[in-house]
Amino acid sequence: MATHKPSRARLKAAALITACALPLLACAAPQAADAWPSRPVRIVVPYGPGGAVDVATRKMAQMLSTQTGQSFIVENKPGATGTIGVSQVARATPDGYTLVANDTTYSLLPHIFKKLPFDPAQDLQPVSAFVFAPMALAVSADSPLRTLGDLTAAARAKPNQITYGSGGPGTTPHFAAEGLSLATGAKFMHVPFKGAAEATQAVMGKVIDFQFASTTGVMGPVQGGQLRLLAVSGDKRLEVLPNVPTFTEAGVKDFGVVNWTGLWVPKGTPPEISARLQREVATAMASEEMKTFAVKMGAEPRAADAKEFGRILADSGVMWGNVARNIGFDAK
């Protein structure tokens, strides 16, 4: 069979085509990231609707949808202190179209479970944290417990008869209440619910005496006259509630728990997409709309990038580990 050598002209043309193609291939990844999102993005909230994480995430999803021109859809997947929803995202395809939102409870997980269905440090990548809100102690609007001193005195006089609710054992409100117990010597009775919003309803309905909650989750009923705050964490009073004292002012020092909402992506998500998402969150938090939302919720209107978020997670892990040991929490 005869063979034909390619002509010099054809070889030259092939080389030219290859030379032109290489820059295009090099640009493929950034172009793919620039195209993200080209379809709806799912944000899993691993708790029930109406809680602090849900409220802040839904507002952020609205902002991201407006900024990118693509839908960001929030899905509630509650259960097992948030591990069910987080596990789903940890196993998801790392393409930037499945995210998970959580709060400081994420830092608690290694201290409340002997074995998790995912590795918090390896299976998910932190992207950004936003809406930094103090923790508040809330009672019903007409509760006879008028001050934090009233509540702790009643609990010391009648141990385990003053009740509080949370979204379940090992959640931030649960550990915050146990931290208050350690600081004051007051003994409370824990009543777990499926989510923070259910605990809020129980306080308003006088089924339980109080709850700890992020201000983001309870500001609506507080402003609506259904709940009353006895104290807030942080070093200053809230601008929107100037009559509510800090825990230090109310007699409990060094109670500085701050709740934040954050976004994670599955490990292996292209860094260009994570960086784009981080920029979009920062842009949203810099807007007047998001600043107004955060301030009305009693929160600090800022965003933390991935590096700062990583430090926050590490510091939170140490803090909650100390609380878990001090209360003798029995990991599941």
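Along the sequence shown, the residues carry numbers beginning at 1.
The closest side-chain donor-acceptor pair between Tyr97 and Ser38 falls under 3.5 angstrom.
Two residues are said to be in side-chain contact when any heavy atoms from C-beta on lie closer than 4.5 Å; Val257 and Phe175 fail this criterion. Contact of the Met219 side chain with the Leu241 side chain is registered, since non-hydrogen atoms from C-beta on lie closer than 4.5 Å. Within the 4.5 Å cutoff, side-chain heavy atoms of Leu227 are placed close to those of Val203. Here the side chains of Met135 and Thr215 are not in contact, with every heavy-atom distance at 4.5 Å or above.
Judged as a side chain to side chain contact (heavy atoms under 4.5 Å, CB included), and not counting sequence neighbours, Pro271 has no contacts. When the side chain to side chain contact (heavy atoms under 4.5 Å, CB included) test is applied to Arg302, the partners found at least two apart in sequence or on another chain are Phe132, Glu300, Ala304, Glu308. Residues meeting the salt bridge (charged side-chain N to carboxylate O under 4.0 Å, His left out) test with Lys59, sequence neighbours left out: Glu289. In this view, Asp142 and Lys206 satisfy the salt bridge (charged side-chain N to carboxylate O under 4.0 Å, His left out) rule, not counting sequence neighbours. Residues meeting the salt bridge (charged side-chain N to carboxylate O under 4.0 Å, His left out) test with Asp54, sequence neighbours left out: Arg58. In this view, Glu198 satisfies the salt bridge (charged side-chain N to carboxylate O under 4.0 Å, His left out) rule with no residue, not counting sequence neighbours.
Ring geometry, Trp36 versus Phe72: the interplanar angle exceeds 60°, so the pair is classed perpendicular (tilted spans 30 to 60°).
The two residues Thr152 and Ala186 make their nearest non-hydrogen contact at O-CB, 3.8 Å. When all heavy atoms of Thr105 and Gly170 are compared, the closest pair comes out as CG2-O, 4.2 Å.
Between the side chain of Thr68 and the backbone N or O of Gln70, at least one donor-acceptor pair lies under 3.5 Å. In this structure, the side chain of Thr163 does not engage the main chain of Met189 through any donor-acceptor pair within 3.5 Å.
Every pair tested for salt bridge (charged side-chain N to carboxylate O under 4.0 Å, His left out) that includes a residue from residues 145-154 fails, sequence neighbours excluded, so the list is empty. Listed by first then second residue, pairs satisfying salt bridge (charged side-chain N to carboxylate O under 4.0 Å, His left out) with a partner in residues 90-109 read Arg39-Asp95, not counting sequence neighbours. Judged as a salt bridge (charged side-chain N to carboxylate O under 4.0 Å, His left out), not a single pair has a partner in residues 172-181 (not counting sequence neighbours). Annotation: ring pair (Phe, Tyr, Trp, His ring centres under 6.0 Å) contacts involving residues 134-168, sequence neighbours excluded, comprise Tyr164-His190, Tyr164-Phe210. Residue pairs meeting the salt bridge (charged side-chain N to carboxylate O under 4.0 Å, His left out) criterion with at least one member in residues 61-79, sequence neighbours excluded: Arg42-Glu75.
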Side-chain polar contacts of residues 260-268 - donor-acceptor pairs under 3.5 angstrom, sequence neighbours left out - could you list them?
none

